[in-house]
Amino acid sequence: MAFLKGLRFFGSFMPLTPYAAQHHISSTALFQVYHHFGCQFNLIGKPTVRQPGYEACSTLQGIRINNEVLPTDVKRMTLAEGLASVVVESSRSEDRKPRTRIERKRSLILRIKKRVKEQHVNGKFHGLMEKVIANPKTLEDAYNYIKVDSNVDESSPAGNICFESLAEELSSGSFDIKANTYTISTRGARKEVLFLPNTKLKVVQEAIKIVLEVVYKPHFSKISHGGRNGRGHSSALKYICKEICNPDWWFTLHLNKKLDDQVLAKLISTMEDKVDDPGLYGIIQRMFDAHVLNLEFGGFAKGHGLPQEGVLSPILMNIYLDLLDSEIYKISMKYEALESGPQINESGPQSTLRAWFRRNLEGNTLNSTGQQECPLRAFSCRFMDEIFFAVCGSKDAALALRSDVQNYLLNFLHLDAVNGTEVIPSNGPQGIRFLGTLIKRGTRDSPAVKTVHKLREKVRLFAALKQEIWEGMTVRIGKKWLAHGLRKVKESEINHLADSTSLLSKISCYRKAGMETDHWYKHLMKIWMQDMNVKAAVREELILANYIAEPALPQELRDSFCKFQECVEEYISSETASLLSLCSASNISGQLNAVTQLIAPINVIKKRLLRYGLTNAEGYACASSLLVLQDSSQIIDWFSGIVFRWLKWYRECENLDDVKLIISNQVRKSCIRTLALKYRMHESEIEKRFDSELNRIPSNLEMEHEMGNEVLDSCAMDNDMALTYGISYSGLCLLSLARMVSDSRPCNCFVIGCLAPVPCVYTIHVLERQKFPGWKTGFSIFIHPSLNKRRVGLCTQHLKDLYLGHISLQAIDFGAWR
């Protein structure tokens, strides 16, 4: 009714067609909705002023709009039907907002999901291989899913894949797995071989993966994360920080086992509980025999988009380890029901059900309303093959829990469990590593304490600013003294200006014949430094400031500045003590909440910057020689990729400010110096020339806030952790330009589904191979060594996508050149 009132607002007559065109509503639909409300059609039923292009009407026999006659004998419609017709017409607009990658993936999965649900009979799924996977439509949807993952348009041609013939081969069982597999090996005597599927086999694996996810995902335990909707890296860490309350002990377990016949047989028997399909299990067995399943427990971190992580690896691992999740729940319930630990939260609510369950198991006849000790609590969180445990209770109970879990893994799942850490107290100073991040227990200050710290930091910052000005002025005086000395040495060489009684004339006899003036001056400075007992300093400016300028200043001035610094320190300590005394000790202690904090591995990140050539041994930014030959936009994209990853991965970390300082002081400067080396220009000129492009790499804290908002917006767009598995946390890899592509040696893009010609061929550099589970540093932590020095062809768009983290290395077909 609202838009009808809008029509009346414009007067007694309003042309319907322009209004309908403006709001993407057909004239017929608008006429029908207007007719429903029983209006007398005063807009068209009474004599009106003639409008250009429209004929005025005096009866209700019809409407003529640009020679289009709309009849009035339309069947009376209900309100719902009329509004529905408006929505349908509006949805047909060609100007609709384009769908995101996540929306396109969901639509493809929904198509396959409908086919899978049709095969559910008597509590099991039957004939999935024959009727769903070996379906040309399913295979085409799976291929389109791969193209969306690779950021390729779905409407692009499918290349040399014929889905009908592929479906026929799968139905008849004649599909050759080994013929659709290729290998890449390392050089040297100790060869490491990597088996990878070609595009055709990858389409089959993707179809199987989507089908298995439809069947098994709804039944997974809530403690498992990775490859699931709403459950990924960030959700696992958020669960540990927000849901686990006041743990006393914690530890991690890391699984270590390559897939073998025993584990595969156990996996297939587990899958048979919900799926009855020998053909599906047969093709999985043939993939295992061809070494192309690439399922490994441990070895490398999962979910980082590494090529050695198979397409089927995440879903098969979750299916197998779901048995462990169920057993962990049973073990935890046993300990929580039978064990009694120290009281955890005396004033907090107690679980009546847990108390009743514990009394019945122990035969306890205590009154349920009586005061009881809180039971032991056990928490767990699993991301693929990394498992985190936290225990509220005694250390013996935590050790017993770990022993029971390890025994189950070894005896029933045939997996080796490696102790990631010993059972350590949660309030210890070292913390625990999980998912590449350090987890520690800390305290969060109350508002009163924060006020004290803020005032103290302001005064300290003011004093530091004055100290910086003092050092700058003294260095300036020292440099002037240095220039004055060099000028005097040069003047002494002119005979008519030389003074035979001067000190320079007296020591000139020690000057060797042929010694240049600059060399002679440096020799004199060396003698002076030895006489002053000046040891090696970090910078030359400190020598000039401490040994030249400051001793020459008036004593009153030096004493005054030292007194100022002492007063600042005294003021900070006295004001802090006085303000703290105003806040009662009880209020402060009550507001100091113990929380679980995430800490970014700053020291590890700095080591990676050194390894990738972005900093030198002293920590100063330097140019990257491997990136110099690439275009300036590609160089900026590479450095922006580090920034995007850090701000997205570490946005919940307590030391995010330290990460931001590394971005502004090292990453940005390294990018500028790389561009300066490329164009042989001064750094200031580079900053002016690429000012708008360099804004993507913030230079100060104010710009970082805006940068962080952009990252959070992108995270909100792609918040489905199942559909972005392997992409959201794919690390940055280093590529160098190998050669330009010429007409005599053409090359197409290696990304699956992309047929665009490439301008350049690039070389992959594998610079690190972290020990499992590794740290999250923004870089690829464990690329298979067989890919080192491997050449790939990438179009401009996909090179940018790879740098910015929009695609991973899994989207590249490394067998394109064979």
Side-chain angles (χ1 to χ4, degrees), residues 109 111-143 145 162-181 195 197-198 200-220 227 257-297 310-323 326 412-415:
I109 292 176
R111 297 178 196 171
I112 301 176
K113 185 176 182 178
K114 292 179 180 178
R115 305 184 192 114
V116 174
K117 293 295 184 181
E118 294 174 356
Q119 309 305 316
H120 188 266
V121 180
N122 297 328
K124 280 190 175 183
F125 291 88
H126 303 268
L128 294 177
M129 187 66 198
E130 180 181 358
K131 298 181 179 179
V132 181
I133 299 173
N135 185 335
K137 295 182 179 178
T138 302
L139 296 173
E140 186 175 2
D141 290 339
Y143 182 66
Y145 189 94
C162 179
F163 300 109
E164 287 75 12
S165 62
L166 179 58
E168 185 178 350
E169 291 179 10
L170 292 173
S171 299
S172 61
S174 61
F175 182 71
D176 192 352
I177 301 293
K178 293 185 178 179
N180 292 279
T181 303
F195 293 82
N198 64 2
K200 187 180 294 186
L201 180 55
K202 198 165 187 177
V203 170
V204 177
Q205 290 182 340
E206 192 68 45
I208 296 175
K209 185 200 77 170
I210 296 175
V211 169
L212 293 180
E213 287 177 347
V214 173
V215 175
Y216 289 98
K217 268 187 178 181
H219 305 283
F220 287 153
K257 183 70 175 289
K258 289 190 176 182
L259 185 65
D260 56 12
D261 294 320
Q262 191 177 23
V263 175
L264 182 63
K266 180 74 174 178
L267 172 62
I268 293 177
S269 65
T270 302
M271 297 173 64
E272 288 175 345
D273 294 339
K274 292 182 175 63
V275 177
D276 184 10
D277 192 346
L280 175 61
Y281 302 135
I283 194 171
I284 292 177
Q285 180 68 49
R286 297 203 304 274
M287 290 181 188
F288 169 74
D289 296 336
H291 307 286
V292 77
L293 268 183
N294 291 333
L295 174 58
E296 180 180 356
F297 298 91
V311 175
L312 291 172
S313 175
I315 183 62
L316 294 180
M317 184 175 293
N318 275 331
I319 292 172
Y320 193 66
L321 294 182
D322 188 59
L323 299 173
S326 302
F412 292 93
L413 297 184
H414 315 295
L415 299 176

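As a basis for the values below, the full set of heavy atoms in this structure was taken, side chains included, without hydrogen atoms, waters or symmetry mates. All values reported here derive from a predicted model rather than from experimental measurement.
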Considering all heavy atoms, the nearest G127-Q119 contact: O-OE1, 4.5 Å

Ring geometry between F125 and H120 (parallel below 30°, tilted from 30 to 60°, perpendicular above 60°): perpendicular

Any donor-acceptor N/O pair, K257 side chain to H414 backbone, under 3.5 Å: yes

K200 backbone acceptor or donor facing N180 side chain under 3.5 Å: no

Side-chain donor/acceptor of K131 to backbone N/O of R115, under 3.5 Å: no

Separation of E213 CD from L312 CG (nearest 0.5 Å): 9.5 Å

Spacing of E130 atom CD and N135 atom CG [to the nearest 0.5 Å]: 11.0 Å

Nearest-0.5 Å distance that lies between atom CD1 in I284 and atom CG in D289: 12.0 Å

Side-chain touch E206/K202, heavy atoms, less than 4.5 angstrom: no

Full working for side-chain contact (heavy atoms from CB on, under 4.5 Å) between V211 and V275: CA-CA 11 Å; V211 169; V275 177; over 6 Å; no

Donor-acceptor contact below 3.5 Å, side chain T138 vs main chain A134: no

Worked verdict on L295 versus Y320 for side-chain contact (heavy atoms from CB on, under 4.5 Å): CA-CA 11 Å; L295 174 58; Y320 193 66; over 6 Å; no

pair L201-M287: side-chain heavy atoms closer than 4.5 Å: yes

Approximate separation, where rounding is to 0.5 Å, of S174 OG and E169 CD: 5.0 Å

Minimum side-chain heavy-atom gap I283-I133 below 4.5 Å: no

E296 side, atom CD; M317 side, atom CE - distance, nearest 0.5 Å: 8.5 Å

E272 atom CD, over 12 foreign heavy atoms within 6.0 Å: yes

Under 3.5 Å: donor-acceptor pair, side chain of Y216, backbone of M271: yes

Check: L293 and F195 side chains under 4.5 Å, non-hydrogen atoms: no

Evaluation steps, side-chain contact (heavy atoms from CB on, under 4.5 Å), between L212 and L128: CA-CA 9 Å; L212 293 180; L128 294 177; 5.7 Å; no

Side-chain touch I177/V204, heavy atoms, less than 4.5 angstrom: no

Heavy-atom pair of closest approach, residues F288 and D260: CZ-C, 3.7 Å

Short N-O contact, K137 and E140, less than 4.0 angstrom: no

Where P314 and V311 come nearest, the two heavy atoms and their spacing: CD-O, 3.4 Å

Within-4.5 Å side-chain heavy-atom neighbours: F412 and L323: no

Pairwise side-chain contact, I315 with I208, heavy-atom cut-off 4.5 Å (strictly under): no

From CD1 (I268) to CD1 (I319), nearest 0.5 Å: 11.0 Å

Smallest separation among heavy atoms of M129 and D277, with atom names: N-OD2, 2.5 Å

Side-chain heavy-atom pair I112, Y145 within 4.5 angstrom cut-off: no

Ion pair R111/D141, N-O distance below 4.0 Å: yes

N/O donor-acceptor pair under 3.5 Å between K217 side chain and G227 backbone: yes

Greater than 12 external heavy atoms within 6.0 Å of Q285's CD: yes

Minimum heavy-atom distance P136-E164, with the two atoms named: CG-CA, 4.2 Å

Side-chain donor or acceptor of Y143 paired with backbone N/O of F163 under 3.5 Å: no

For the student: nearest non-hydrogen atoms of V292 and Q205, plus distance: O-NE2, 3.4 Å

Other residues, nucleotides, ligands: >12 heavy atoms within 6.0 Å of K124 NZ: yes

